[in-house]
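Here the structure is laid out as structure tokens; the discussion comes afterwards.
Hydrogens, waters and symmetry mates play no part in the numbers below; they use all other heavy atoms, side chains included.
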Amino acid sequence: MRSGEKTAHAVSTRFDGLPAALLDWYARHARDLPWRIGPGERARGVTPDPYRVWLAEIMLQQTTVPHAARYFHAFTETWPTVEDLAGADDGDVMAAWAGLGYYARARNLLKCARAVAEAGAWPKTEDALRSLPGIGAYTAGAVAALAFGERAPAVDGNVDRVFARLLAAKGPWKEEKARIAALVRALVPADRPGEFAEALMDLGATICTPKRPNCLLCPVRDWCAAHGEGEVERYPVKPEKKARPQRRGEVYAVFRGGDVLVERRPDRGLLGGMLALPTTEWLESGMAERPGWADGGDAIGEVRHVFTHFELRLTVKRLTLADAPSGFEWMSADEAGEAFPSVFRKALKLAR
DNA sequence: AAGGCGGGGGC
DNA sequence: GCCCCAGCCTT
């Protein structure tokens, strides 16, 4: 027997009964989330609004449920349909996303909404969804399964962890993830792909947690190789992370009455497209050049902020100017504070 | 294939 | 402090 056949056959019987056991558990323990319809409604043929499913999935990328939920309510209140969002002002959307992070998501959110509004309808297959801005492998599968009932897998960090444990996956993490993706695709039940996706995510979020998993309550424990080994928390085995370097710079809180000086950051790169305070470059060593108009300000303190790949210490200087330097403009400090990403919110709060 | 890209909460 | 989280895009 060729190894491919052997693997495929082993997979097909190894997890017999797991989807049914998982769905049975989900019928009793599904989380009630704002973008979901319950198992009961789904059984009566109700399907969720693709716009709400998509919006939630984008917000949930690398983001916790409680954090995303607050933004989900605000967005659906302000822009109830994808056509509403497509017609929104860019700055309004970026301001509404402020504080949620990974701002390329918001830029792609608008691109995607406008593409869908222009087309007049959502693409309804995994492959077609995958080609839209901001929709990758996970989100395409999730929207296809949840909103359109396609037999597609939704493999996120939760599902990777669950299957790393079921398989006691000891190999290189990249290879294990590819193996898991293929396995989950093969296991999706044709009649209930959306509930299967939600069930796996709920299992990962509430039972098969990163720390102290609750194996006693796990509906798929009988299939779990890691539980058999008695070392569930050992999995998944991920590559080591690199240390975060330190960067430093200055940021300027420049006031004119109740207004503060702001700029719009370029669309690419860190905090791209976001409203910002004037700042020097942020360097690991050496002193960044200070703009001439910023000489003479009072250093009033320091803010620290952690980004994905570096830690930042910013000296905050406060000053007043009569005229806005080229490239900057005045905005009410209250309004600016709402539209800033977190690092500039911290600096403004310190300076006020 | 690897690295850039936010932010908050749990422990 | 360190960990992780409903990942995607660019190079």
Ignoring hydrogens and angles, write down the donor-acceptor pairs under 3.5 Å from the side chains of residues 109-118 of chain A, residues two or more places apart or on other chains.
residue: A:Arg114; atom: NE; partner: A:Ala86; partner atom: O; Å: 3.0
residue: A:Arg114; atom: NH1; partner: A:Asp90; partner atom: OD1; Å: 3.4
residue: A:Arg114; atom: NH2; partner: A:Ala88; partner atom: O; Å: 2.8
residue: A:Arg114; atom: NH2; partner: A:Asp90; partner atom: OD1; Å: 3.1

Those stems involving DNA chain B that have three or more consecutive Watson-Crick or G-U pairs, both distances under 3.5 Å, are B:1-5 with C:7-11, B:7-11 with C:1-5

With clusters built from Ile, Leu, Val, Met, Phe, Trp and Tyr whose side-chain heavy atoms come within less than 4.5 Å, directly or transitively, what are the remaining members of the cluster of A:Tyr102, listed by chain and number?
-> none

A:Ile37: which other cluster members, linking ILVMFWY side chains closer than 4.5 Å, directly or transitively?
-> A:Val46

Would you list the pairs meeting side-chain hydrogen bond (donor to acceptor under 3.5 Å, both in side chains) in which at least one residue belongs to residues 128-144 of chain A, sequence neighbours left out?
-> A:Glu57-A:Tyr138, A:Gln61-A:Thr139

Hey, does the side chain of A:Arg221 reach the backbone of A:His227 with a donor-acceptor pair shorter than 3.5 angstrom?
-> no

Output a table of donor-acceptor pairs, distance under 3.5 Å, between side-chain atoms of residues 244-253 of chain A and any protein atom two or more places apart or on a different chain; print 'none' if there are none.
residue: A:Arg244; atom: NH1; partner: A:Phe307; partner atom: O; Å: 3.3
residue: A:Arg244; atom: NH1; partner: A:Thr308; partner atom: O; Å: 3.0
residue: A:Gln246; atom: NE2; partner: A:Glu311; partner atom: OE1; Å: 3.2
residue: A:Arg248; atom: NH2; partner: A:Glu302; partner atom: OE2; Å: 3.3
residue: A:Glu250; atom: OE1; partner: A:Tyr252; partner atom: OH; Å: 2.6
residue: A:Glu250; atom: OE1; partner: A:Arg290; partner atom: NE; Å: 3.0
residue: A:Glu250; atom: OE1; partner: A:Arg290; partner atom: NH2; Å: 3.4
residue: A:Glu250; atom: OE2; partner: A:Arg290; partner atom: NH2; Å: 2.8

Which donor-acceptor pairs under 3.5 Å do side chains of residues 230-240 of chain A form with protein atoms, sequence neighbours excluded?
residue: A:Glu233; atom: OE2; partner: A:Arg212; partner atom: N; Å: 3.4
residue: A:Tyr235; atom: OH; partner: A:Lys170; partner atom: NZ; Å: 2.8
residue: A:Tyr235; atom: OH; partner: A:Glu229; partner atom: OE1; Å: 2.7

If you walk 5' to 3' along DNA chain C, what is the first nucleotide with an atom under 4.0 Å of a heavy atom in chain A, and what is the last?
-> C:dC4 to C:dT11

If the sugar-phosphate is the primed atoms plus P, OP1 and OP2 and the base is the rest, what is the B/S/- string for nucleotides 2-11 of chain B, using protein heavy atoms under 4.0 Å?
-> --SBBBS---

Could you list the residues that satisfy side-chain hydrogen bond (donor to acceptor under 3.5 Å, both in side chains) with A:Asp84, not counting sequence neighbours?
-> A:Thr81

Pairs touching residues 314-330 of chain A that satisfy side-chain hydrogen bond (donor to acceptor under 3.5 Å, both in side chains), sequence neighbours left out = none

Contact list for residues 18-35 of chain A, test side-chain hydrogen bond (donor to acceptor under 3.5 Å, both in side chains), sequence neighbours left out = A:Asp24-A:Arg28, A:Tyr26-A:Glu198, A:Arg31-A:Asp202

